[in-house]
Structures are given as structure tokens and as C-alpha cells.
Amino acid sequence: MAYNEEANIAKAVEAILNQRLVWGEIAEMVIVASGCTDRTAEIVESIAHQDPRVRMIVQEHRVGKASAINLFVSAARCPVLLMVSADVIVKDGTIDALLQHFRDPAVGMVGAHPIPVNDETTFLGHTVHVLWRLHDRLARMSPKLGEVVAFRNVVPSIPSDTAVDEISIQALITQLGYRLVYEPDAVVYNRGPQTVKDFLRQRRRIYAGHLRVHHQQGYEASTMSVRRIGRALIGSGSFATPRAACWTVGAIGLEAAARGLGRYDHMRHRSHHVWETAVTTKRPVAGAASANNQQTVMVFNIVDFHQLQLEHGLRAARQLMQRIVHHIEMGLEPDAAVSVQRNGTIVVMTANDREEAERAAHRIVAELGQKRLPVNGKRAGVPVNLACGIIAFSQSGQALAESIPVSVATETQPMMAG
């Protein structure tokens, strides 16, 4: 669905058509150019001449994204539909990560993990990152799907006056008895508002839309719950420094103001289905997504390593260390650089962003916590407790720190790399 997306449309289409897929194939790609007054339609026509999978539907007048979605749904013939905003860039591997879930016939809709490309060293950039991190944490607890969604072709249409199309589809899929899934490994890059005016306009429209869906379809998005948001905010790292704490409080204030305005609009029956574009969200995403890559350092510490040396000997401790290093290497990308310190510390450098590194570290710590590794030929083996600290250095901005607790209950405190 595209409205005046000449800055992003070519890269957005390219990122999708070049996806490497195992669990399906892209049979066709439909771009609905809705009332475009720029070069969007011209660019899409050029792409369609080169790739027969691409076709365009032109809406002469812009009558709302929901109307464009209904055109897409009515034209699509595939059993699974993928809906992507024209102003985002889909990371390679994302579509396959979404499609794999449809092997389960109970799954009706799967959503991706949006990551903003905004500069986090500014107040609005920090605000946008906080919101999407909260979205990620909430969606892991109770799926809230958006930006890129895949769903079974069982929905004939959505309400034409909805301003939050993904939630409307989510409500219909749920009412049909299907299950929702959030897939954190399916990453899509987007750009959030860069001015207070655009932020309030966007968030006001979204909250008013959520209230309308709740009223019309009896469905409530998980982000509507203040209690859930509060739980997700605690431990999110949004208060890690004095500046981050101040900016996070400001972000909470802006969101509260936007929700108040959205509630006022809902009470006045003001429709947002044809909304005014937030101009600052329409700047190119592709270049910023590439520049947004982070250098991440993960520091694993073997808890009580000195005690292991005393009990089993230096040679046995080194063998144990080698097995742990091998397990860590198997759980990371091939290009990750792993180095070992004599004190039981393992340092890993990877190009993954902080969220990906955090998931990998959680998995490694949990898996090793369930194992007993052999020492000195003893089959019973010994338990291994790992703690991990993470620092992600973006190419611009401050370091973001995260700690992963030890794998089992222990008196030793989790370590924080710093």
C-alpha cells in the first residue's frame, strides 16, 4: 500500500523480491498506488516491466489505507498474504521467518519485529526507540502485530473506516479461531516521527483507531493496557542513565498527551482513516537501516570458575572452557569473533544488533544451564552456570548495555559488562 513513496518504494520492493525463501515463494507482488501525486506509480511500472511477479493497482483518489488493503485482498489469490508498508525495509530472512509458522494449521497471522532507524541520541529518536522496544516486549507476551504481517487468505475485507488496519485484521483472524504469533527474528526497519508535531499526529491517530476497533469489533490491542506497558517498561533499559531517564519520562508524557487527544477524537467520532501524512517518517529508510548496524560485544562469564579449577584441576577447567566456547560458537553467526580469557571470561564480538545479541545470549545461557559437561572422564559431568553482559555500539550514539542473568539459581550476581 503506497501513497507518495517515491523515496522508498524501489528499495522496499527490491528488499522483498530478493528474499531467500525455504518455506514458500513469492508468487506475485501487488502494489496499490493510492492517489499518488509523485513518481511512485512510474517507479513501480518500471519494476513491473522487469519482473512479471509485480503488478500495480492504481487508485485515482486517496480514500484511506483500508480501502487500498481491501483492493489488495480481493485481487490476491495465494493462500498466505503478506502485507508490507511501502515505507519500510524488510531484512533478508524475515519473510521466511514469518512463513515457517504457517506449517501449523492453527496459526492464522504472524507479525514481524520493527526496529526504527531514528538516531537514538536525540529526544525524539530515543522516544521512538523506547516505544518500539516496548512494542517488542509486549508482543512477546501477547502478540501485537504491525508494520509487516502475514496472514491466511480468509479475510474478505476489513472495515473501510479503520485507521489501524493490522489490528482490524488481527481482530478478524482471532474471531475466526486462529492463533496469532509474533516472530522476533523477522526484522523490518522503519522510521518514526522526528518532530513532536508528527509524533503527536501519528500516535493520536493510532490510539483513536484502537478505540474504534474496540468499539466496532470488540477487540483490544495488548498495547491498550497501561498495566502491561508498565511491566514492559520496567527492565527495558529506558532508565539506564540520567539523560535516558529524563527523556523516557518525556516520552511517557508525549504518549499520554497523544492518547488523550485520541480519546477526544473517538468521543467526537472523528475519523482518521484518511490521515495526514507525517512528513518526517517518509525519508529514505534503506541507507539508514544499513548505517544502523551495530557492533555488539557479549561478555560471558563462567560463574565460580576459580572454584572449578580448585575442585577439578587446571587442565580439566581448560577442557571445560573449550567445550563452552564451542557451544557458544555454534549458537552465534559464523563471523562472530570469540576470544577466551584465563579467568573464565569469554568475549564475543558480532555485527548483530543489540536485540539479536540479547536473544542469542539468552538462548546460550539457558541451554548451558540445562547441561552437565564431562570433566576428567566423569560421565555425570558438572553443571555450568553462565552470566552475560552485552554492550552494543551503534555507529552514531551511545552504548546500550544489557545484562543476561545466570542460567540457574545461584548466589552469584549477574555481571554487567562495562
Side-chain angles (χ1 to χ4, degrees), residues 133 136-137 140 184-185 234-241 244 293-395 397-418:
R133 277 201 288 270
D136 175 52
R137 295 172 72 90
R140 290 168 191 255
D185 289 333
I234 297 171
S236 66
S238 302
F239 300 92
T241 67
N293 290 335
Q294 296 176 333
Q295 184 69 42
T296 303
V297 179
M298 294 187 282
V299 183
F300 292 92
N301 181 261
I302 302 174
V303 178
D304 294 332
F305 183 68
H306 181 65
Q307 186 67 28
L308 288 172
Q309 288 179 318
L310 293 176
E311 290 182 7
H312 303 284
L314 182 60
R315 182 179 178 181
R318 287 176 179 173
Q319 291 176 349
L320 188 67
M321 172 75 81
Q322 290 174 357
R323 292 190 175 95
I324 293 171
V325 168
H326 176 72
H327 188 92
I328 290 174
E329 288 176 335
M330 294 298 291
L332 297 171
E333 297 293 330
D335 58 352
V338 181
S339 61
V340 181
Q341 310 297 315
R342 292 183 178 179
N343 63 350
T345 298
I346 302 163
V347 180
V348 178
M349 295 188 68
T350 174
N352 288 346
D353 59 30
R354 185 184 66 83
E355 287 84 0
E356 291 178 356
E358 182 184 346
R359 288 195 296 274
H362 269 295
R363 184 177 64 253
I364 290 168
V365 168
E367 288 175 355
L368 279 173
Q370 298 172 3
K371 294 179 178 289
R372 296 178 68 91
L373 300 183
V375 173
N376 289 331
K378 297 179 180 178
R379 292 185 178 181
V382 297
V384 176
N385 299 333
L386 281 185
C388 180
I390 295 176
I391 300 181
F393 298 93
S394 60
Q395 291 188 4
Q398 63 197 39
L400 302 174
E402 183 78 24
S403 64
I404 308 299
V406 292
S407 52
V408 296
T410 174
E411 293 180 359
T412 305
Q413 294 297 317
M415 62 168 285
M416 170 68 79

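Owing to the predicted nature of the structure, the values given are computational and were not obtained by experimental measurement.
- For Arg363, the side chain to side chain contact (heavy atoms under 4.5 Å, CB included) test picks out Ala360, Glu367, with sequence neighbours left out.
- To the nearest 0.5 Å, atoms CD1 (Ile364) and NE2 (His362) are separated by 11.5 Å.
- Val338 meets the side chain to side chain contact (heavy atoms under 4.5 Å, CB included) test with Val325, Glu329, Ile346, Val348; sequence neighbours excluded.
- Counting only heavy atoms from C-beta outward, the side chains of Lys371 and Val384 never approach each other to under 4.5 Å.
- The shortest non-hydrogen separation linking Ile234 to Arg137 is O-NH2, 3.6 Å.
- Residues that satisfy the side chain to side chain contact (heavy atoms under 4.5 Å, CB included) test with Gln341, not counting sequence neighbours, are Ser339, Asn343, Thr345, Val347.
- With rounding to the nearest 0.5 Å, the separation of CG in Asn385 from CG in Leu368 is 10.0 Å.
- Counting heavy atoms from C-beta outward, Val382 and His312 have side chains that approach closer than 4.5 Å.
- To the nearest 0.5 Å, the span separating OG1 on Thr296 from CE on Met349 amounts to 9.0 Å.
- A heavy-atom distance below 4.5 Å is found between the side chains of Met298 and Phe300.
- Here Gln309 contributes atom CD and Asp304 contributes atom CG; the two are 11.5 Å apart, rounded to the nearest 0.5 Å.
- In this structure, Gln307 CD and Ile302 CD1 are separated by 14.0 Å, a value rounded to the nearest 0.5 Å.
- Although no hydrogens or angles enter the test, the distance criterion places a donor-acceptor pair under 3.5 Å between the side chain of Arg323 and the main chain of Pro374.
- Between the CD1 atom in Ile328 and the CE atom in Met321 there is a gap of 8.5 Å [rounded to 0.5 Å].
- No side-chain heavy atom of Val303 sits under 4.5 Å from any side-chain heavy atom of Leu386.
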